[in-house]
Amino acid sequence: MVYNIYMKKIGILGGTFDPIHNGHIYLAKTAMEKCSLSKVVFLPLGIPPHKNAPIADAHTRYELIKKCIKDIPDFCLCDIEIKKQNITYTVDTLRDIKLLYPDWDIYYIIGTDSLFDLEKWKNINEIFKMCSFICMSRPGEDFKYQESFAKELENKYKGNIIVIPTMGKNISSTTIRSSPSNELDHLVPVQITEQVRKIYAKEENIINRQELLERLKPLISEERFKHTLSTEKTAVELAQIHGCDKDKASLAALLHDCAKRISKNPEEFCKEHNLSSYLHDYDDYPLPVLHAPMGAHLAKEEFGVTDPEVLSAITWHTSGKPNMSLMDKIIYLADYTEPGRYSTPQLEEVRSLSKTNLDKAMVKALEYSIERIKSKGNPVHYTTLNAYKYMKEQTKE
């Protein structure tokens, strides 16, 4: 993309905003300040291609954003996406934005999860020609690795990515949707707190383990059920060793393979469990990996799980991903090392490391997984390769 120093710069902050929160406002202000943007446009999506359907309808989300930004200079709101009745892709959005702002340089604001997924976006080559990216690095993340990863993408696609470190507490819309109603203060702007409380907030819902097991057992084979119980035991042990929430680890482990039967017939499984609307999001996922993200959807839809840590751990327990959380690593390694697994020197090495150093255990587990997949002549999913590269950087001495 060619840049004109005389053109104004506009930032685009797209998303479902389900709901908008203080983190969105902070990111928009930081991007504007650090990149000298003249304006930031909030662009709520109607039907996003890679996320669950929003809880609140498009009009409600639009009005909540409007209330939050109406008194902030140079923040504006655009409704072109929520008016569409079909699935929205970023490349289509940018074409529309180009028509609305033909004389502006466009900067698309994203988070680090999107940075690592950029190559999966539809028509990414065209996207890099239409805009620059501003990637907001969360507190505690590996900023240097993100910069290095961004540089690789810049060279590959001849684009421009600016990675900016941010400060303060991490806030996500998922966290707000799963928070008890008395914990919303300071998470969302005061103008909309009560409205958000009525729409989204839930009281804590503790899932009874015995009831969960009774509902889970018919979904998986007897052998898989034994593996699940063994994985749970290992996950709870690792959680205790590494200071992680044992109840959440137990829940994530129990449900990590709840969608395992999807590998036999994805369409039939998704139809049976009302998951068909999610299936198209994972077109490039091989069957051995597909059960993990679909398992997270099933955990949410059928078991009522809303905790973002638990859902993330289920999603990534097979492929891994860059910048995994403590819970993500524990469930990945518990699944990998549970006592029912056939013992090998490599497995014993990972099992031993998992009790002392999760990051080193992850490096070895990912390394051996990649070797095993390649030895069978199968392609390695890109998230696994990125996870391995990230963990290698993290453990470099």
Side-chain angles (χ1 to χ4, degrees), residues 1-17 24 27-28 31-32 34-51 58 76-137 146-164 278-285 293 321-322 379 381-383 385-386 389:
M1 183 174 178
V2 179
Y3 300 93
N4 187 332
I5 60 172
Y6 300 107
M7 292 175 72
K8 290 183 178 180
K9 296 193 288 188
I10 185 170
I12 306 297
L13 185 58
T16 51
F17 298 102
H24 292 130
L27 292 180
M32 176 173 276
K34 299 293 184 181
C35 297
S36 302
L37 304 178
S38 300
K39 181 184 296 190
V40 172
V41 176
F42 284 72
L43 192 73
L45 303 180
I47 306 175
H50 300 300
K51 291 188 177 183
C76 59
L77 182 56
C78 180
D79 64 357
I80 59 171
E81 292 304 316
I82 63 174
K83 288 180 177 179
K84 296 180 180 179
Q85 299 301 310
N86 54 351
I87 291 174
T88 301
Y89 290 94
T90 302
V91 65
D92 304 314
T93 301
L94 287 170
R95 290 169 185 155
D96 292 337
I97 294 294
K98 276 287 188 184
L99 294 175
L100 291 173
Y101 299 95
D103 299 322
W104 293 64
D105 277 336
I106 299 173
Y107 289 75
Y108 203 89
I109 304 168
I110 61 174
T112 49
D113 287 345
S114 295
L115 172 68
F116 294 121
D117 270 350
L118 273 182
E119 291 190 278
K120 187 181 175 184
W121 288 20
K122 181 181 178 182
N123 294 5
I124 187 60
N125 280 290
E126 183 180 351
I127 289 174
F128 269 109
K129 292 175 182 177
M130 289 192 286
C131 75
S132 297
F133 286 99
I134 301 173
C135 176
M136 313 302 286
S137 176
Q146 292 161 0
E147 277 198 315
S148 172
F149 189 88
K151 185 60 67 177
E152 289 182 16
L153 292 180
E154 284 184 326
N155 293 336
K156 183 175 180 178
Y157 295 99
K158 296 180 174 55
N160 182 39
I161 305 175
I162 304 165
V163 185
I164 298 175
Y278 303 130
L279 190 57
H280 71 274
D281 291 348
Y282 306 104
D283 287 339
D284 65 340
Y285 277 58
K321 69 161 187 168
H381 197 251
Y382 70 92
T383 53
L385 295 172
N386 287 341
K389 183 177 179 181

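Only heavy atoms go into these numbers, but all of them, side chains included; no hydrogens, no water, no symmetry mates. Please read these numbers as outputs of a predicted model, since none were measured by experiment.
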Point to revise | Side-chain (Ser36) to main-chain (Met32) donor-acceptor, under 3.5 angstrom | key: no
Review point. Less than 4.5 Å apart, any side-chain heavy atom of Pro322 and any of Phe149?
Key: no
Point to revise | Donor-acceptor contact present, side-chain Lys34 to main-chain Ile164, <3.5 Å | key: no
Exercise for review: Please name the residue in the list Leu118, Asn160, Ile124 that meets the side chain to side chain contact (heavy atoms under 4.5 Å, CB included) test with Leu153.
Suggested key: Leu118
Point to revise | Residues forming a side chain to side chain contact (heavy atoms under 4.5 Å, CB included) with Leu385, sequence neighbours excluded | key: Ile370, Val380
Exercise for review: Show the numbers, then the answer: is there a side chain to side chain contact (heavy atoms under 4.5 Å, CB included) between Thr112 and Cys135?
Suggested key: CA-CA 6 Å; Thr112 49; Cys135 176; 3.8 Å; yes
Review point. Taking the side chain as C-beta and beyond, is there a heavy-atom pair between Phe116 and Lys321 under 4.5 Å?
Key: no
Review point. About how many Å separate NZ of Lys122 and CD1 of Ile127, when rounded to the nearest 0.5 Å?
Key: 9.5 Å
Practice item. Quick one: list whatever passes side chain to side chain contact (heavy atoms under 4.5 Å, CB included) with Ser114, sequence neighbours left out. Key: Ile110, Trp121
**Study point:** Euclidean distance, Leu43 CG relative to Ile109 CD1, rounded to 0.5 Å
**Key:** 11.0 Å
Review point. Run the side chain to side chain contact (heavy atoms under 4.5 Å, CB included) check on Cys131 and Ile12 step by step: do they pass?
Key: CA-CA 10 Å; Cys131 75; Ile12 306 297; over 6 Å; no
Check your understanding: After noting the C-alpha distance and the side-chain angles of Tyr89 and Asn123, does the key distance pass the side chain to side chain contact (heavy atoms under 4.5 Å, CB included) rule?
Key -> CA-CA 9 Å; Tyr89 290 94; Asn123 294 5; over 6 Å; no
**Study point:** Residues which pass side chain to side chain contact (heavy atoms under 4.5 Å, CB included) with Ala150, listed by chain and number, not counting sequence neighbours
**Key:** Leu115, Ile161, Val163
Exercise for review: Report yes if the side chains of Val41 and Tyr101 come closer than 4.5 Å at any heavy-atom pair, otherwise no.
Suggested key: yes
Check your understanding: Can Glu126 and Lys129 be said to form a salt bridge (Lys or Arg N to Asp or Glu O under 4.0 Å), step by step?
Key -> CA-CA 5 Å; Glu126 183 180 351; Lys129 292 175 182 177; over 6 Å; no
Point to revise | Nearest-0.5 Å distance, OG of residue Ser132 to OH of residue Tyr108 | key: 14.0 Å
Exercise for review: Kindly indicate, with the supporting measurements, whether the criterion side chain to side chain contact (heavy atoms under 4.5 Å, CB included) is fulfilled by Leu27 and Ile134.
Suggested key: CA-CA 10 Å; Leu27 292 180; Ile134 301 173; over 6 Å; no
**Study point:** For the student: nearest non-hydrogen atoms of Ser38 and Trp104, plus distance
**Key:** CB-CZ3, 3.8 Å
Check your understanding: Are Tyr157 and Glu119 close enough that some pair of their side-chain heavy atoms sits under 4.5 Å apart?
Key -> yes
Exercise for review: Answer whether the closest heavy-atom distance between the side chains of Leu45 and Lys84 falls below 4.5 Å.
Suggested key: no
Review point. Could you walk me through whether Asp96 and Lys83 pass the salt bridge (Lys or Arg N to Asp or Glu O under 4.0 Å) check?
Key: CA-CA 13 Å; Asp96 292 337; Lys83 288 180 177 179; over 6 Å; no
**Study point:** Considering all heavy atoms, the nearest Pro44-Glu81 contact
**Key:** O-CB, 3.4 Å
Revision key, fill the gap. The residue among Ile162, Ile10, Leu13, Val40 that forms side chain to side chain contact (heavy atoms under 4.5 Å, CB included) with Tyr107 is Ile162
Review point. CE of Met136 to NE2 of His24: how many Å apart, nearest 0.5 Å?
Key: 11.5 Å
Check your understanding: At what distance, to the nearest 0.5 angstrom, does CG of Leu77 lie from CZ of Phe17?
Key -> 8.5 Å
